[in-house]
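Shown next, in structure tokens, is the structure this report addresses.
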Amino acid sequence: MLRAGLALLAALACLSVFVGTIPLSPADLLGAEGWSLVVDSRLPRTFAAILAGAGLAITGQIMQLLARNRFVEPMTAGAGQSAALGILLCTLLVPAAPIWIKMAAAALAALAGSLILMALIRPLPPTQPLLVPLVALVYGGVIGAVVAFVAYQGDMMQFLGTWLTGELSGVLRGRYELLWIAAAASAATFLIADRLTLLTLGEDAARALGLNVGLVTAGAVMAVSVVTAMVVVTLGAIPFVGLVVPNLTARLAGDNLRRALPLTALAGALLVLAADIFSRWIRAPYEVPVATTVAAIGAVAFLALIRRGAARA
Amino acid sequence: MIRITDLHHRLGGAPVLNDIDLTIPHGGLTALIGPNGAGKSTLLSLIARLRPIQRGRISVGPHEIGKVADRDLARVLAVMPQSTEVSARLRLAELVGFGRYPWHRGRPGAEDRAQVDRALERFSLTDLRDRFLDEVSGGQKQRAFAAMAYAQDTDYLLLDEPLNNLDIAAARDLMRLMRGLADEDGKTVVVVLHDINYATAFADRLVVMKEGRIAAQGAPSEVVTDTLLAEVFGTTARVAEVEGRPLVIV
Ligand SMILES: Nc1ncnc2c1ncn2[C@@H]1O[C@H](COP(=O)(O)OP(=O)(O)O)[C@@H](O)[C@H]1O
Ligand SMILES: [Mg+2]
């Protein structure tokens with residue numbers, strides 16, 4: 001399954017290199033103009049879609065594991081909005097701040113946002129599985145409203161869209177490399193996959209096996225926050241990837257992260273890359289934001305999940 | 001040997017354990033019985049260092065609870081908590097494999113895989129190893145959790161009401177397996193049991209708790225009497241002797 005997915009990803013990546021406003025054929029690669037188009041724009045865009053998709057799907061799976069609930073994902077549950085708030089405040093207060101400061105502000109804000117969410121949902125009864133996503137959505141919505149208010153007051157409304165609606169059309173060489181940090185954070189979660197899975201047994205059982213529950217949870221929340229923040233800073237928020245993909249892979253491969261994470265990463269990359277190609281193609285020469293396409297696919301899938309979850313509960 | 005001295009514990013302001021002094025000898029199967037709310041689960045979780053000790057001391061073998069590191073105790077003592085509700089979709093073999101975590105800490109080797117196979121075999125789960133937890137019966141699930149505790153390969157094994165929701169066949173199977181762990185492997189097994197008849201049938205020793213105190217302890221035939229049932233459990237059931245063991249006529 002993994003191998004077929006990788007082949008599909010390679011095929012989509014090739015397609016992604018050749019689809020766009022400026023027509024490009026394989027022969028053009030030999031010319032300097034075609035080559036620079038590929039290296040400066042098409043390849044970075046393809047990488048960005050793959051890295052963001054894989055990272056977002058992984059953060060979703062980890063967040064669902066930490067929340068012990070299948071219906072949450074960081075991008076819509078406060079972490080994404082918090083990252084936007086962080087970069088917005090940083091831009092307002094220290095307009096001259098270099099990009100890495102803004103990035104750090106976004107990551108720290110996402111971390112705070114995630115920790116508050118965890119504290120909010122901790123006391124919720126596990127017998128009411130839909131309460132967690134409800135609280136998470138309201139919480140995310142409240143932070144989103146704060147972001148909008150601050151942007152309005154600070155006369156920054158025109159920038160708001162770039163953070164709240166993920167788009168890949170602006171991706172160029174030199175403007176997407178932060179996503180490699182997200183990739184590193186995602187890859188780091190592979191190293192603690194076993195420990196993360198142990199958390200699903202419950203805090204007591206995990207401690208009884210000698211797991212340092214606090215440390216592993218902290219590492220997981222940190223990875224989630226970094227990935228979310230990097231995606232928001234470079235592309236803008238892309239919702240639903242973290243929700244839909246892990247639910248799909250859990251059905252196929254279960255929740256043992258050692259087994260599931262590679263599949264999740266691959267499926268997330270496939271989803272965002274395919275959605276981006278579609279977004280370029282559907283009303284060419286114009287583009288639809290990739291977040292919109294993903295959300296359209298994701299919303300339908302989410303409704304199906306809720307229906308199934310409610311039927312089972 | 002598990003040695004408990006001068007143990008007191010309060011939860012939400014109310015005393016739950018009072019002045020517990022108890023020694024559980026090495027080896028054999030000890031059953032912890034008593035009415036609901038007597039404090040059995042609390043006592044077990046204190047022994048398993050899942051709650052901090054408020055007053056008193058507990059030692060498991062040479063290890064003093066509260067001082068020994070979590071990861072070191074995990075190689076000495078395994079615990080199967082009362083509620084084993086796991087939301088995650090895990091395969092039985094994966095679950096049992098997590099019992100090996102204290103030994104490999106994330107990098108399972110050939111020896112760990114062999115231990116998992118042994119545990120699955122012993123608990124008759126080999127055919128079910130690739131099933132997900134939500135695709136097996138309650139008895140098979142409980143057996144899988146017990147197999148996980150067994151795979152942890154510890155001298156001490158604590159189980160909190162492992163027979164919950166099991167039918168008579170599954171309950172007897174599980175108790176026989178526990179008996180085997182004590183007899184053949186020389187483990188010290190402590191089981192909280194609801195049904196006194198299971199306790200008298202399978203345990204070497206009973207420890208009876210009531211309202212946070214030790215009400216009685218000793219061999220089943222000495223402990224289980226009409227008086228005990230009346231005083232501790234508040235019921236007037238009669239105790240008969242069948243095949244040398246006391247049997248509560250319910
Ligand atoms: N978190 C808690 N807060 C307050 N009281 C508790 C808590 N947990 C348990 N108790 C009380 O402690 C007593 C002992 O509980 P427990 O150890 O679970 O008993 P048992 O396992 O013997 O049924 C009960 O009276 C119970 O109501
Ligand atoms: Mg109990």
Side-chain angles (χ1 to χ4, degrees), chain A residues 61-62 64-72 124-129 132 188-216 219 246-261 263-264 308-309 312-313, chain B residues 41 44-45 47-52 68-108 112 130-135 144-145 148-149 151-154 156-160:
Chain A
Q61 187 145 41
I62 292 175
Q64 286 166 24
L65 183 150
L66 294 176
R68 308 191 93 202
N69 188 295
R70 291 208 187 282
F71 301 129
V72 287
L124 298 180
T127 46
Q128 301 277 336
V132 171
T189 62
F190 281 60
L191 299 178
I192 56 168
D194 271 356
R195 281 154 228 237
L196 287 169
T197 312
L198 276 180
L199 288 180
T200 62
L201 301 179
E203 205 172 311
D204 278 358
R207 261 195 72 207
L209 288 168
L211 188 76
N212 190 332
V213 173
L215 197 65
V216 173
N247 273 286
L248 198 75
T249 50
R251 293 231 56 83
L252 294 174
D255 286 318
N256 184 3
L257 291 196
R258 179 189 279 267
R259 205 191 271 241
L261 273 188
L263 210 58
T264 301
R308 253 227 341 260
R312 219 194 291 162
Chain B
S41 295
L44 217 65
S45 62
I47 299 174
R49 50 87 170 84
L50 299 178
R51 296 171 185 275
V68 58
D70 277 355
R71 50 189 294 178
D72 294 334
L73 193 66
R75 295 181 173 197
V76 176
L77 178 142
V79 57
M80 178 173 153
Q82 183 162 4
S83 63
T84 43
E85 46 188 66
V86 172
S87 52
R89 263 167 76 77
L90 294 175
R91 289 181 174 80
L92 260 52
E94 290 167 348
L95 180 78
V96 174
F98 285 125
R100 296 301 301 162
Y101 181 78
W103 300 94
H104 64 63
R105 300 199 65 80
R107 270 182 239 98
D112 296 301
D130 289 323
R131 290 267 199 101
F132 285 108
L133 271 177
D134 53 12
E135 300 168 352
F145 278 98
M148 170 181 160
Q152 208 174 328
D153 195 19
T154 56
Y156 295 86
L157 202 54
L158 312 181
L159 302 104
D160 197 347

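So that the names make sense, note that chain A is the first sequence line, chain B the second, and so on, each numbered from 1. Side-chain atoms are counted along with the backbone in the values below, which use heavy atoms only and exclude waters and symmetry mates.
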Given that the side chain runs from C-beta out, which part of B/Phe132 has a heavy atom under 4.5 Å from chain A: side chain, backbone, both or neither?
side chain

I need the residue from A/Asn69, A/Ile192, A/Thr197, A/Leu191 with the largest number of non-hydrogen atom pairs under 4.5 Å to chain B.
A/Thr197

Take B/Arg100 and A/Asp194 through the salt bridge (Lys or Arg N to Asp or Glu O under 4.0 Å) test and state the conclusion after the steps.
CA-CA 11 Å; B/Arg100 296 301 301 162; A/Asp194 271 356; over 6 Å; no

Would you mind checking which part of A/Ala253 comes under 4.5 Å of any heavy atom in chain B, side chain (CB onward), backbone (N, CA, C, O), both or neither?
backbone

Between B/Leu95 and chain A, which part of the residue has a heavy atom less than 4.5 Å away: side chain, backbone, both or neither?
side chain

For a quick test of reading the model, state the closest non-hydrogen atom pair linking A/Thr249 to A/Gln61 and the distance between them.
OG1-NE2, 4.0 Å

Segment of B/Arg75 engaging chain A (4.5 angstrom heavy-atom cut-off)
neither

Could you check whether any side-chain N or O of B/Arg89 sits under 3.5 Å from a backbone N or O of A/Arg251, counting only pairs where one atom can act as donor and the other as acceptor?
yes

Hey, could you give me the CG/CG distance between B/Asp112 and B/Asp153, rounded to the nearest 0.5 Å?
10.0 Å

Side-chain contact, heavy-atom cut-off 4.5 Å: A/Leu257 with A/Thr189?
no

B/Arg49, part contacting chain A, at a heavy-atom distance under 4.5 Å
both

Report the option among B/Gly106, B/Ser45, B/Pro108 that has the most heavy-atom pairs separated by less than 4.5 Å from atoms of chain A.
B/Gly106

Relative to chain A, which segment of B/Leu50 carries a heavy atom at a distance below 4.5 Å: side chain, backbone, both, or neither?
both

Hey, could you give me the CZ/CG distance between A/Arg207 and B/Asp70, rounded to the nearest 0.5 Å?
4.5 Å

